[in-house]
Structures are given as C-alpha cells and as structure tokens.
2 protein chains.
Amino acid sequence: MARTGDPARAVTAPALSTLDFALDRSSPVPLYYQLAQQLESAIEHGVLAPGNLLGNEVDLSVRLGLSRPTVRQAIQSLVDKGLLVRRRGVGTQVVHSQVKRPLELSSLYDDLEAAGQGPTTRVVRNEGVPAQADVAAALGVAEGGEVTVLERLRLTHGQPVALLCNYLPAGLLDLDGARLESTGLYRMMRASGITLHSARQTVGARAATGEEAARLDEKEGAALLTMQRTAYDDTGRPVEYGTHVYRASRYAFDFQLLVRG
Amino acid sequence: MARTGDPARAVTAPALSTLDFALDRSSPVPLYYQLAQQLESAIEHGVLAPGNLLGNEVDLSVRLGLSRPTVRQAIQSLVDKGLLVRRRGVGTQVVHSQVKRPLELSSLYDDLEAAGQGPTTRVVRNEGVPAQADVAAALGVAEGGEVTVLERLRLTHGQPVALLCNYLPAGLLDLDGARLESTGLYRMMRASGITLHSARQTVGARAATGEEAARLDEKEGAALLTMQRTAYDDTGRPVEYGTHVYRASRYAFDFQLLVRG
DNA sequence: AAGTGGTCTAGACCACGAG
DNA sequence: TCGTGGTCTAGACCACTTT
C-alpha cells in the first residue's frame with residue numbers, strides 16, 4: 001500500500017456540483033455555519049476526498065445563492081479546523097487525508113466529562129476548605145478563603161485509573177454528589193451557564209507514593225502520570241484548579257495540536 | 001490580596017480614545033492585522049486593562065477610518081486568541097486577566113526548536129533505514145521503504161534531559177548534523193519551506209529501562225515521561241514521527257488549551 | 001428604547017501562483 | 001496572462017442585553 005509520492009492530483013470534486021446543500025434561510029442557524037457543517041459532513045463521509053478541489057469561491061457563492069464573504073466564512077472555519085487548505089492561484093482543497101478528528105481536546109474533556117459507560121467515578125470528598133497558597137494563587141482568591149475541594153477516584157472496568165483532586169471557587173456550583181458521579185464536572189458547569197474557554201496544563205511523571213499506590217492498585221514506586229490544570233471561563237475567570245494522578249500503565253494523554261498561522 | 005467578586009467593572013478604556021493607532025495603508029501588512037497587533041500590544045503593556053471595554057465597533061471603525069468588517073476581523077483574531085471577549089448588548093472587553101501568553105504550543109516548539117543557550121543537542125544517529133511497521137503507518141510510506149532516522153540526546157546545563165528519536169520521510173530534508181545541533185529540526189524544516197500545521201501527540205509515563213537509565217543518568221525503574229508525535233504540514237502530509245523520552249525529574253509539558261466555541 | 005455585537009450583501013481592487 | 005484567494009468597502013437588518 002505505497003502511498004508515497006502521489007503528487008496530490010488536484011481534481012475538482014465531481015460530486016460537488018451535484019451535492020445539494022440545503023440552506024434554510026429561516027433557520028436561526030447562520031448560513032455560513034450551515035454551509036460549513038454540510039461541507040464538513042461531506043468531507044467526513046468521503047464525498048469530498050482528500051486532494052479534491054472545492055471550486056473557486058465566486059462560482060460557489062453564485063451556485064449557492066450566497067455572497068462571497070459568507071462562503072468564505074464557512075470555508076475559513078474549516079481551514080481553521082485543518083480540514084481544508086487554501087492556495088492562491090490553485091484553489092481550495094480537502095486536506096491530504098490523515099488527522100481526521102482533532103479529538104476535541106480530549107484530555108480536557110475526558111477528565112471533566114465523566115459519563116460514558118465504562119468509566120465510573122467515586123466521589124471521595126466534597127466540602128468547603130480554606131485555600132492553601134497554590135490553590136489561592138491559581139483561583140485568584142485570598143489565601144485561607146473558602147474554596148470547594150473535590151476528590152474523586154476514577155475507574156474503568158472496575159479498575160482504578162486516576163485520582164482526581166479539584167478545587168473550585170466557593171459557591172460557583174451546586175456540587176451534588178450523586179449527579180457528580182453520573183454526570184461529570186464539566187457538564188455540571190456547562191449546565192450552570194459556565195462556558196469553558198481555555199486551560200493551562202502541566203503534565204509530568206513521578207513515582208507513586210505508598211498511599212497513592214494503595215489507592216490505585218499499583219506498587220510503590222510505579223510510574224505515574226501527573227497533571228495540573230487551571231481552567232478559565234470565557235471571561236478569563238479561573239473556575240477550576242486540579243491535580244490529577246493517573247496510572248501510567250492504564251492511561252495516556254492523547255491530543256491534537258494546531259499550529260496557529 | 002483578595003480579588004474575589006469584583007463584578008467586572010465595565011469601564012471604557014480611557015486611554016483608548018487617545019491611543020494612536022498607526023495604520024499604514026501602503027504597507028503589505030493587512031490593515032486588520034496591523035490593528036490586531038497594536039491592540040494586542042496595548043493589552044500586553046497594560047494600556048488596556050482587563051475588564052476594559054473597547055468601545056463599539058461602529059465608532060471604532062469611524063475613528064480609525066476603516067470599515068466595520070475590517071475592524072471586526074482584527075477584533076475576532078484577538079477573541080480567537082483569548083485576549084478579548086464579546087458580549088451582545090454589552091461590548092467587547094479585555095479578558096479578565098490571567099492566561100496571558102498562550103505559550104505558542106510550547107511542548108511542540110520546545111522540542112523541535114532547539115537553539116537557545118541552555119539546551120544543547122547531541123546527534124547520536126542520522127541515517128536512512130527501512131521503515132518499521134509503526135513508522136510506515138505514521139508517515140504513510142510502504143513498510144520497509146526508506147525513511148530517515150534521527151536520534152538525539154538533549155541536555156540542559158550539561159545534564160541529559162531527553163532522548164529524542166525521530167523519523168522523517170526520505171529526502172524531505174537535508175539533515176546536516178552540525179546545523180541540527182545548533183539550529184533544531186523545526187527551524188530546518190521551516191527553512192526548507194515546510195509549514196507545520198498540526199500534530200497528534202500521545203503523552204504517557206513508564207519506568208526507565210537499564211539502557212535508558214544509563215543514557216539519561218537516572219536509576220533503572222525511575223519514572224520517565226514519554227511522548228509520541230506525528231506532525232503534519234499544511235497539506236496534511238506527515239512530515240515527522242517521533243518517540244521521545246524525558247527525565248520526569250527534570251522536565252514536564254506545559255501547555256495551553258483553547259476550547260473551540 | 002437604545003445600544004451592542006452577529007450576520008449578510010454586492011460589489012471592488014490587489015497579490016500571488018500556475019501555465 | 002489568467003485564475004485564484006486575500007483584502008477591503010459601505011452599507012443593511014436582526015437578535016440580544018441593558019436601562
């Protein structure tokens with residue numbers, strides 16, 4: 001299956017002309033967004049194959065009955081996602097395979113969004129405490145001020161995978177234990193109108209202490225993966241600070257980086 | 001230093017009206033980009049403080065002698081970077097402190113862009129070899145086809161930090177050993193006209209083998225941080241596949257995630 | 001009611017890359 | 001030379017938030 005050279009045969013997608021984009025002008029969903037979604041779906045389903053040209057923007061806008069800026073906005077959003085490439089004098093083409101789903105920041109979502117079927121969560125601790133120095137600094141509150149501490153043990157298939165310790169500003173959220181075990185922290189935040197925007201993470205490794213080993217069913221000294229994270233909402237306010245420890249034998253971070261042009 | 005509530009006093013930046021944005025219409029640099037840079041600089045230097053309103057887009061465009069879409073494009077780019085927040089009916093304001101520099105994908109750049117003063121690199125191996133199965137799959141070449149293998153030892157302050165093993169498609173690059181040690185892989189790629197676009201990474205941990213321990217000046221069984229990465233250029237073509245091992249006692253990944261709206 | 005950003009239009013000219 | 005995307009304009013109407 002040699003796929004070495006193959007100089008990106010630039011064929012205009014034959015299906016594109018017959019592809020019917022259903023644009024609903026009465027819908028509250030923006031036109032550029034409708035178009036972007038349908039293009040993305042066409043790429044995902046292989047209707048638009050890697051290397052296919054999209055046809056120039058002017059023609060496309062005429063055929064769709066949209067203005068060129070609107071079509072550009074749709075295309076641009078897919079370029080940002082890494083699905084399309086624009087080249088002056090050439091055209092817009094579907095990116096050369098690979099790298100399908102950018103994984104939606106999996107490490108962040110996996111951790112905050114419990115749910116699913118395999119993974120379960122046991123809430124070990126959930127109470128208000130005075131903030132230690134590092135917590136206070138991360139959450140932007142006074143040292144000794146009240147914060148909520150949340151300790152959870154995460155398991156998959158009955159086996160422990162991670163120890164999660166999170167701190168939240170006091171009163172940010174109603175942390176019902178039962179819902180936490182079934183719903184996950186991230187969904188509870190979202191349901192409370194908190195929009196996550198960015199997070200700063202540090203990922204490292206170290207040997208397990210005796211207590212960690214006992215809780216995670218590892219031997220003392222086993223390699224653990226550690227992660228510290230501070231998450232911010234869309235106003236830049238810190239909403240979560242956490243220290244997580246993972247069994248390296250059962251867990252790894254898997255994520256996609258996009259280089260900003 | 002309690003900075004708890006402080007309900008984001010929405011004050012229009014007093015300095016904004018006197019801020020002189022120097023827009024050069026004869027410059028090849030796009031106007032929206034010039035504006036974005038100057039806004040970013042103003043935010044960075046504290047001229048625009050967190051929470052400050054930017055003033056509405058229409059006024060701003062009139063005052064700058066630009067059209068509204070152009071001003072919007074500048075603002076949007078800073079919103080994407082997480083420096084500004086837009087709210088309907090409210091306005092655009094500087095994000096509420098924290099999270100200044102998104103670190104420019106440091107883990108990727110740190111690794112590829114050697115240079116600097118502290119870190120040095122020793123090239124241990126640099127030759128063409130037949131691709132093993134995992135390498136072939138990652139780089140999209142035939143199994144057994146020729147690829148370039150590159151093994152490097154990275155040191156800071158004379159101490160070993162990491163073992164880097166990278167595979168590149170054969171003939172992609174002129175890998176001059178001397179330049180590799182001083183310049184770094186990433187810069188050499190960029191100089192060859194290769195534009196990095198995205199990368200897929202897996203970060204984990206494990207205990208050091210005897211050989212790794214010897215090379216990294218650790219004890220056998222010490223916790224190591226591991227990373228596998230496949231990097232792609234802007235056409236989606238894989239340009240690098242690597243397996244890296246770091247001394248956990250001296251290295252951690254530090255990066256910023258932006259949640260895509 | 002007033003003000004804000006969100007979307008959309010119908011043009012225009014330019015710079016770059018391919019042939 | 002010609003076609004492509006890159007940039008820019010000067011409007012318009014709408015939805016949402018605050019007062």
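Per chain, numbering begins at 1; letters A, B, ... match sequence-line order.
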From CD of Gln93(A) across to C1' of dT4(D) the rounded distance in Å is 12 Å
Output the rounded distance in Å from CD1 (Ile75(A)) to C1' (dT4(D)). 12 Å
Polar side-chain atom of [X] near backbone of [Y] as donor-acceptor pair, under 3.5 Å:
| X | Y | result |
| --- | --- | --- |
| Thr70(A) | Leu66(A) | no |
| Gln38(B) | Ala22(B) | yes |
| Glu143(A) | Ala131(A) | no |
| Ser192(A) | Met188(A) | yes |
| Glu127(B) | Val149(B) | no |

How would you summarise protein contacts on nucleotides 1-10 of chain C per nucleotide, using B for base, S for sugar-phosphate only and - for none, with heavy-atom distances below 4.0 Å? --BBBBBSBB
